[in-house]
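Structure, as structure tokens:
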Amino acid sequence: MPNLSTRQEVSLVRKSRPASNKIIFISCEGQVTEEEYFKILTTIFDGVKSKLCFVSVMGDILAIPTNQRTTEQCSLLGKSKPWQLVEKIETFKIEQDEKYEFSKHPDDEFWIIADVDDNTNNINLERWNEVFANREAKSYQCAISNPFFEVWLLLHHVDIVDEDFKYAVTDSQEYKATAHFRERLRNDAHAPLKNQKHLNEIHYDIDKVRCAVQRAKQLDNAHEEWPHNLGSTVYLLVEKLIDIEDSMK
């Protein structure tokens, strides 16, 4: 049998087990690190391989070699804000409805993976609030990291320290660009990112994932829609993947 793309695999599984084939569709604000992380999870949790499908905002452009992209395409790669992820999911559901038959599978889930980053500043705040205000009506869920996804990665390896909180985006503390969490991954966690974005699969395993979930839960003591201080609600999605894996054993 020839090799199949993820979406082809998903489609085949859905046809053979339509009654129980829940799929989790993921759209990531970051086009590299986040998708690589969830692809690593499909190697850790073998049972979720056919249960995840990526809805890439800039997938077509990313398929073009870097040195062949136009200036406009390079500019577009920086435009993957949370509200654009919502728009992409809505478009995807319309364009792919015949293939995935969404109305027949109401248990499917749609997740947005995003960072607080500068999305809550005065320029972006209104659009940011719209994402959460419309979330229930549009049937999608959010996994948000404050300030960056690297916080979630860090939780796999080490505990949060007081210094980390200096870089959180809060009501009294504005976003600031920083390499602090990448440096922590390299120096303290011994799990550096390659070229500042790429993950090494050997740095992640089932025990580290479960540890990250527990650490994230401890930070999420307010159970807010999104972390208003340092933390990550990516654990909410990862817990679902763990449950899927456990249910298939």
Discussion item. Using the side-chain contact (heavy atoms from CB on, under 4.5 Å) criterion, which residues pair with Ile44? Sequence neighbours excluded.
Written reply: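 Here the qualifying residues are Ile40, Leu41, Tyr204, Ile206, Val209.
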Fill in: Contacts of type side-chain contact (heavy atoms from CB on, under 4.5 Å), residue Asp188, not counting sequence neighbours
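Partners of Asp188 under the side-chain contact (heavy atoms from CB on, under 4.5 Å) test: Arg184.
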Drop me the distance from [X]'s [atom1] to [Y]'s [atom2], to the nearest 0.5 angstrom.
X	Y	atom1	atom2	value
Tyr175	Asp118	OH	CG	6.0 Å
Arg215	His157	CZ	NE2	9.0 Å
Leu185	His156	CG	NE2	10.5 Å
Ile160	Leu230	CD1	CG	5.0 Å
Asn146	Thr233	CG	OG1	10.0 Å
Asp220	Ser232	CG	OG	9.0 Å

Answer yes when [X] and [Y] have at least one side-chain N-carboxylate O distance shorter than 4.0 Å, and no when they do not.
X	Y	result
Glu130	Arg127	yes
Glu239	Lys217	yes
Arg135	Glu225	yes
Asp117	Lys176	no

For the side chain of [X] and the backbone of [Y], is there at least one donor-acceptor N/O pair under 3.5 Å apart?
X	Y	result
Thr170	Ser172	yes
Asp205	Asp207	yes
Asp164	Val161	yes

Show the nearest heavy-atom pair for residues [X] and [Y], with the distance to one decimal.
X	Y	answer
Val169	Pro147	CG2-CB, 4.2 Å
Gln173	Ala168	NE2-O, 2.7 Å
Gln141	Lys240	OE1-CE, 4.0 Å
Val86	Lys138	CG1-CD, 3.6 Å
Leu219	Gly231	CD1-CA, 4.0 Å

Worksheet item: Would Glu224 and Trp226 count as a side chain to side chain donor-acceptor pair (under 3.5 Å) if you check the C-alpha gap in whole Å, the side-chain angles of each, and the deciding distance to 0.1 Å?
Response: CA-CA 5 Å; Glu224 299 163 316; Trp226 53 274; over 6 Å; no
Are the side chains of [X] and [Y] in touch, meaning some heavy atoms are under 4.5 Å apart?
X	Y	answer
Ser139	Glu109	no
Glu245	Ile242	no
Val158	Leu154	yes
Lys51	Ile24	no

Worksheet item: Any chance CD of Glu174 has more than 12 other-residue heavy atoms, nucleotides or ligands included, within less than 6.0 Å?
Response: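 Count not over threshold, so no.
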Worksheet item: Crowded around Glu98 CD? As in, over 12 foreign heavy atoms under 6.0 Å?
Response: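 It does not: Glu98 CD has 12 such atoms or fewer within range.
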So, [X] versus [Y], ring centres under 6.0 angstrom or not?
X	Y	value
Tyr37	Phe149	yes
Trp83	Trp128	no
Phe54	Phe92	no

Worksheet entry | side-chain contact (heavy atoms from CB on, under 4.5 Å) evaluation trace for Leu52 with Leu241 | CA-CA 9 Å; Leu52 282 184; Leu241 301 183; 3.9 Å; yes
Donor-acceptor side-chain pairing of [X] and [Y] below 3.5 angstrom:
X	Y	answer
Glu29	Asn119	yes
Asp171	His228	no
Trp152	Tyr235	no

Item to complete: Sort out for me which residue in Val234, Ile113, Leu153 forms a side chain to side chain contact (heavy atoms under 4.5 Å, CB included) with Glu34.
Response: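 The option that passes is Ile113.
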Item to complete: For a side chain to side chain contact (heavy atoms under 4.5 Å, CB included) with Leu85, tell me which candidate from Val131, Ile26, Ile112 qualifies.
Response: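 In the set Val131, Ile26, Ile112, the residue that makes a side chain to side chain contact (heavy atoms under 4.5 Å, CB included) with Leu85 is Ile112.
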Discussion item. Under the criterion salt bridge (Lys or Arg N to Asp or Glu O under 4.0 Å), I'd like the reasoning laid out for Lys39 against Glu36: C-alpha separation, chi angles, the key distance, then a yes or no.
Written reply: CA-CA 5 Å; Lys39 286 174 182 175; Glu36 285 187 357; over 6 Å; no
Item to complete: Could you check His105 against Lys22 for side-chain contact (heavy atoms from CB on, under 4.5 Å), going step by step and ending with a plain yes or no?
Response: CA-CA 7 Å; His105 299 274; Lys22 171 180 178 175; over 6 Å; no
Item to complete: Evaluate the criterion side-chain contact (heavy atoms from CB on, under 4.5 Å) for residue pair Phe132 and Ile144; output intermediate values, then yes/no.
Response: CA-CA 11 Å; Phe132 293 94; Ile144 310 295; 4.0 Å; yes
Practice prompt. Could you give me the CA-CA distance, side-chain angles and deciding distance for Val55 and Lys88, then say whether side-chain contact (heavy atoms from CB on, under 4.5 Å) is met?
Written response: CA-CA 7 Å; Val55 182; Lys88 181 63 178 180; 3.7 Å; yes
Discussion item. My understanding is that only one of Phe25, Tyr140, Tyr100 makes a ring-ring contact (aromatic ring centres under 6.0 Å, His included) with Phe110; could you say which?
Written reply: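 Of the listed residues Phe25, Tyr140, Tyr100, the ring-ring contact (aromatic ring centres under 6.0 Å, His included) partner of Phe110 is Phe25.
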Practice prompt. Anything under 30° is parallel, anything over 60° is perpendicular, the rest tilted; go ahead and classify Tyr167 against Phe181.
Written response: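 Geometry flag for Phe181 against Tyr167: perpendicular rings.
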Worksheet entry | Any residue meeting side chain to side chain donor-acceptor pair (under 3.5 Å) with Asn122, in chain and number order, not counting sequence neighbours |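 Here no residue qualifies.
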